[in-house]
Amino acid sequence: MRGFFSPAIDRGPRAGWRRALALLAVWLAAALAAGCDNNPWPSGVAATNTSFSAVVESSPRHLDPTASYWSNDTPYTYQIYEPPYGYHYLKRPFQLMPKSAAEVARPRYVDKDGRPLPDDAPGDQVAESIYDVPIKPGILFQPHPAFARDEQGRYRYHALQPGEIGQRRTPLDFEHQGTRELVAEDFVYALKRHATTRITTPIYGIFSEYVVGLKEYGALIRAEDKKLRAGLDPASPDKPFLDFRRWPLAGVSAPEKHLLRIRLKGKYPQWNYWMATTFLSPVPWEADAFYAQPGMAAVGLSLDTWPVGTGPYMMTEYVKDRRHVMKRNPNWRGEPYPCEGMPGDKEAGLLDDCGKTMPFIDTYVSTVEREAVPQHEKFRQGFYDIEVFERTDTGMDYIVAMQDSEEVRREYEAKGFRLPKFSDVQSWIVGFNMLDPVIGWGDTPEQRERNRKLRQAISIAFDWEEYSRIFPKKAGETAMGPLPGGIFGSRHGTVEGHNPVTHKVVDGKVVKRDIEEAKRLLAEAGYPDGRDAKSGKPLVINYDFYAPATPERKPEIDWVVRQFSKIGVQLEVRATDNNQFQDKVRKGTYQVFWLGWLADYPDAENFLFLLYGPNGKTHHDGENTANYANPEYDALFQQMKLLDDGPEKQAVIDRMVAIAQRDAPWSFGYFPFSSGAAQSWVHNYKPAVLIRDHGKYLRLDVAERVAKLAEWNRPRWWPLIAAGLLLPLLLWLGWRSLKRRERTNARGEIVPAS
């Protein structure tokens with residue numbers, strides 16, 4: 001057939017013209033792409049009262065306040081929930097303040113016969129401490145379908161049938177929302193939930209030692225839960241509602257609508273600090289009932305993803321491992337910004353908003369970042385207001401970069417980055433799983449001594465002073481024990497506080513022990529030159545790291561490997577994501593691990609309990625990840641808890657630290673310097689490990705942000721100009737090619753037909 005061109009082999013006179021147009025389109029697309037700005041957020045959002053920050057690696061695992069105990073949960077839990085107490089935002093040392101409570105309650109003490117005791121009664125005379133906590137009236141829960149009622153007063157969404165959830169994937173997808181007033185019973189219900197076996201309850205072990213009847217309540221709940229689930233598929237995510245209102249707990253009650261009463265065994269001065277954590281946040285029974293319905297778990301509807309609180313913010317978007325959004329809770333009552341602080345706070349502008357109603361920011365957007373470089377660059381370009389909302393270690397990157405480069409220093413100073421550097425109550429350690437037969441406690445006295453010498457040898461090999469030199473962005477002060485400075489009982493930085501296992505005193509100065517001493521201990525442990533003395537096989541130890549071995553982390557992982565290699569020990573690196581790491585430590589299938597700890601409250605107990613036997617991770621689901629259990633240490637810990645700060649408490653702490661130093665369940669690591677990273681338009685920024693509810697205090701100068709973003713990220717227009725200048729040339733080339741083809745065809749070229 002003639003006259004039909006094959007589109008697959010089009011070589012006719014129009015082909016050159018088409019190629020020219022295609023080339024022109026490519027040029028224009030490239031020019032337009034180059035001319036566009038690099039803003040990762042939707043157009044115009046910078047002009048709104050929205051704050052942006054990064055989330056490191058992954059979404060939080062638990063937003064249920066009973067289960068949540070990880071730092072990356074706190075950007076949400078502490079903005080959404082309101083425990084009875086919090087800390088004054090500006091004052092140091094940290095000062096407890098009422099939050100959902102009307103005041104910070106002082107305990108009253110009674111003896112074994114119920115007779116009142118004076119406030120200064122010795123701990124061994126106190127049978128019970130009774131806390132009567134008044135709850136503020138008029139506080140409302142956030143809007144949520146769990147509270148929605150119909151015209152007859154019945155709950156609209158508490159009896160959903162299979163399939164009724166439909167396409168709903170968030171609480172906001174339900175047509176009706178409701179609320180109700182916070183009452184003391186919500187705190188009672190929350191404390192009872194620590195006895196459940198359905199979710200992770202990391203503090204149940206500690207709480208059950210103090211709250212009257214909680215240990216027995218745990219046994220009761222396990223039995224009742226077993227009855228409820230009898231005959232059901234144990235692997236099913238759907239579990240019938242476990243209604244804690246049905247079973248009273250002796251130690252927790254609500255004698256009045258707005259009065260919470262907590263009875264503790266004996267004297268426990270640290271309890272008020274626990275009431276500033278989200279473990280004591282109120283949990284409405286309606287939320288538990290709502291999320292327990294069939295089909296909810298399958299679509300991700302639970303307290304772990306969609307919290308229900310009374311705080312200033314509420315979760316409005318949850319895209320796992322990608323993005324989380326919180327907006328103002330429209331039911332929040334509002335509070336005035338503080339008018340008092342520390343010396344220098346006024347000069348730093350931290351009192352400029354005195355008396356103004358909080359919160360100031362409408363929306364918080366958190367974006368999951370897998371790699372440090374794009375996270376860092378987005379902050380440099382102004383797209384993150386605070387680099388990582390909850391972290392107090394991000395500022396060191398910028399401080400070190402400014403020290404290394406004059407050009408960088410000028411840039412950062414011109415941009416006005418807020419990079420406060422300060423000491424804080426936190427630590428990083430390398431720990432040993434004491435349940436492990438090779439590196440742990442040991443089954444016999446002989447094996448126990450051998451394993452102790454192995455741990456001591458490794459502890460000597462770790463050069464934490466070198467770590468701070470090699471990784472200045474994560475630098476800190478070498479730890480000699482578990483207590484950082486600023487905590488009563490700590491001897492950090494003093495000669496008498498040195499660790500005699502890893503250091504010694506020479507001419508009045510603390511110096512590190514020689515590596516030959518480590519090798520001697522290793523040989524005494526049965527591993528001369530890193531080989532088993534009996535079998536001759538090399539000693540290989542597993543190192544479990546809580547994050548993937550990305551290019552940014554590999555140098556630190558390699559550094560740990562080198563510390564072991566100094567004494568001939570081989571290290572097998574097993575790096576996983578955080579969720580897998582947590583599963584692994586709960587099962588006890590690990591040997592050596594790297595872990596950080598941020599204080600929950602400013603008392604020695606909050607660090608020393610990390611080595612307390614009944615708080616073991618694997619057997620008790622506590623926070624003693626080393627699973628260390630020394631009877632003498634545990635007995636002293638029980639004694640220390642009853643003591644107020646003073647010489648007697650100091651002596652007990654000294655003995656506990658000495659025991660831990662000798663047993664070496666940790667290489668004690670270092671106490672890092674803290675420094676956050678925020679933009680100049682973020683006001684009222686005063687980061688601290690213990691201050692986790694800072695979202696309501698922060699304020700944005702949106703106009704400044706818009707101006708700075710435009711200044712720092714000007715589009716490049718030269719590609720468009722170049723493309724415009726090339727356009728006539730391309731058109732001429734296309735026209736010339738077409739004419740050449742027409743002349744060639746006119747001389748007799750055969751045009752292929754279909």
Side-chain angles (χ1 to χ4, degrees), residues 54 56-57 70-72 74 92-94 372 375-376 379 386-404 417-431 459 462-487 490-494 497-499 502-503 510 512 545-547 552-553 555-560 563 578 593-602 604 606-608 610 623 625-626 666-678 685-692 694:
V56 178
E57 295 158 7
W70 205 258
S71 181
N72 65 342
T74 60
R92 308 289 185 272
F94 297 99
Q375 172 184 311
H376 185 82
F379 178 80
I386 299 174
E387 185 171 350
V388 183
F389 181 86
E390 78 279 10
R391 298 287 285 267
T392 58
D393 59 356
T394 51
M396 289 299 295
D397 284 4
Y398 302 93
I399 292 173
V400 172
M402 292 170 70
Q403 295 169 349
D404 292 344
F417 292 163
R418 300 185 190 273
L419 306 169
K421 181 181 175 182
F422 53 97
S423 297
D424 216 333
V425 283
Q426 59 180 317
S427 65
W428 286 98
I429 60 101
V430 166
S459 297
F462 267 91
D463 189 344
W464 292 104
E465 290 89 348
E466 177 192 72
Y467 179 87
S468 289
R469 292 194 301 271
I470 295 176
F471 303 104
K473 296 177 182 179
K474 299 186 176 183
E477 298 173 347
T478 299
M480 300 288 173
L483 290 180
I487 297 287
S490 171
R491 295 194 183 276
H492 174 66
T494 66
H498 83 281
N499 183 352
T502 58
H503 291 71
V510 177
K512 186 169 177 54
F545 194 67
Y546 65 92
E552 294 86 359
R553 289 197 177 85
E556 293 176 68
I557 294 174
D558 291 344
W559 180 84
V560 174
Q563 306 313 297
N578 181 36
F593 60 93
W594 174 291
L595 203 63
W597 182 254
L598 310 177
D600 294 301
Y601 50 87
N606 194 234
F607 285 88
L608 297 178
L610 297 174
E623 291 307 314
T625 308
W666 297 348
S667 170
F668 289 100
Y670 71 106
F671 303 129
F673 299 124
S674 289
S675 181
Y685 183 63
K686 188 174 182 177
V689 164
L690 288 178
I691 304 296
R692 296 283 167 164
H694 48 301

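This structure is a prediction, so every number in the text was calculated from the model and none was measured.
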Check: Would Phe94 and Ile691 satisfy side-chain contact (heavy atoms from CB on, under 4.5 Å), going step by step from the backbone distance to the final call?
Finding: CA-CA 9 Å; Phe94 297 99; Ile691 304 296; 4.1 Å; yes
Residues forming a salt bridge (charged side-chain N to carboxylate O under 4.0 Å, His left out) with [X], sequence neighbours excluded:
X      : result
Asp404 : none
Lys473 : none
Glu623 : Lys617
Asp600 : none

Checklist line | Donor-acceptor contact below 3.5 Å, side chain Thr494 vs main chain Arg491 | finding: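 Yes; at least one donor-acceptor contact below 3.5 Å.
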Note to self: Looking at Ala688, is its backbone amide N or carbonyl O close enough to the side chain of Thr392 to form a donor-acceptor pair, meaning the two atoms are under 3.5 Å apart?
What the structure shows: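 No, the answer is negative, given that no donor and acceptor are paired below the 3.5 Å cut-off.
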Rounded to the nearest 0.5 Å, how far does [atom2] of [Y] lie from [atom1] of [X]?
X      : Y      : atom1 : atom2 : answer
Glu465 : Lys512 : CD    : NZ    : 6.0 Å
Thr625 : Phe593 : OG1   : CZ    : 5.0 Å
His503 : Ser459 : NE2   : OG    : 11.0 Å
Leu610 : Ile429 : CG    : CD1   : 8.5 Å
Leu598 : Thr74  : CG    : OG1   : 8.0 Å
Glu556 : Tyr467 : CD    : OH    : 3.5 Å

Closest heavy-atom contact between [X] and [Y]?
X      : Y      : answer
Leu419 : Ile399 : O-CD1, 3.8 Å
Pro602 : Leu690 : CD-CD1, 3.7 Å
Ile386 : Ala678 : CG1-CB, 4.0 Å
Leu608 : Pro482 : CD2-CG, 3.7 Å

Next item on the list: Would you sort out whether Trp428 and Phe471 count as a ring pair (Phe, Tyr, Trp, His ring centres under 6.0 Å), showing the intermediate values?
Entry: CA-CA 14 Å; Trp428 286 98; Phe471 303 104; over 10 Å; no
Checklist line | side-chain contact (heavy atoms from CB on, under 4.5 Å) assessment of Gln563 paired with Val430 | finding: CA-CA 11 Å; Gln563 306 313 297; Val430 166; over 6 Å; no
Do the two ring centres, one from [X] and one from [Y], sit under 6.0 Å apart?
X      : Y      : answer
Phe607 : Trp666 : no
Trp559 : Phe462 : yes
Tyr398 : His376 : yes

Next item on the list: Verify side-chain contact (heavy atoms from CB on, under 4.5 Å) between Ser71 and Arg692, making sure each step is shown before the conclusion.
Entry: CA-CA 9 Å; Ser71 181; Arg692 296 283 167 164; 3.2 Å; yes
Check: Given the rule in the side-chain contact (heavy atoms from CB on, under 4.5 Å) test, do Asn72 and Val56 qualify, once you have shown the distances and angles that lead to the verdict?
Finding: CA-CA 8 Å; Asn72 65 342; Val56 178; over 6 Å; no
Next item on the list: Just grab all the salt bridge (charged side-chain N to carboxylate O under 4.0 Å, His left out) pairs involving residues 389-399, residues at least two apart or on different chains.
Entry: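 Passing the test, one end in residues 389-399: Arg391-Asp393.
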Note to self: Using 30° and 60° as the class boundaries, would you call the ring planes of Tyr546 and Trp70 parallel, tilted or perpendicular?
What the structure shows: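 If you compare the ring of Tyr546 with that of Trp70, the planes turn out perpendicular.
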Could you pull out all donor-acceptor pairs under 3.5 Å where a side-chain atom in residues 667-675 meets a protein atom, sequence neighbours excluded?
from	atom 1	to	atom 2	distance (Å)
Ser667	OG	Trp464	NE1	2.9
Tyr670	OH	Lys474	O	3.1
Ser674	OG	Gln426	NE2	2.3
Ser675	OG	Pro420	O	2.7

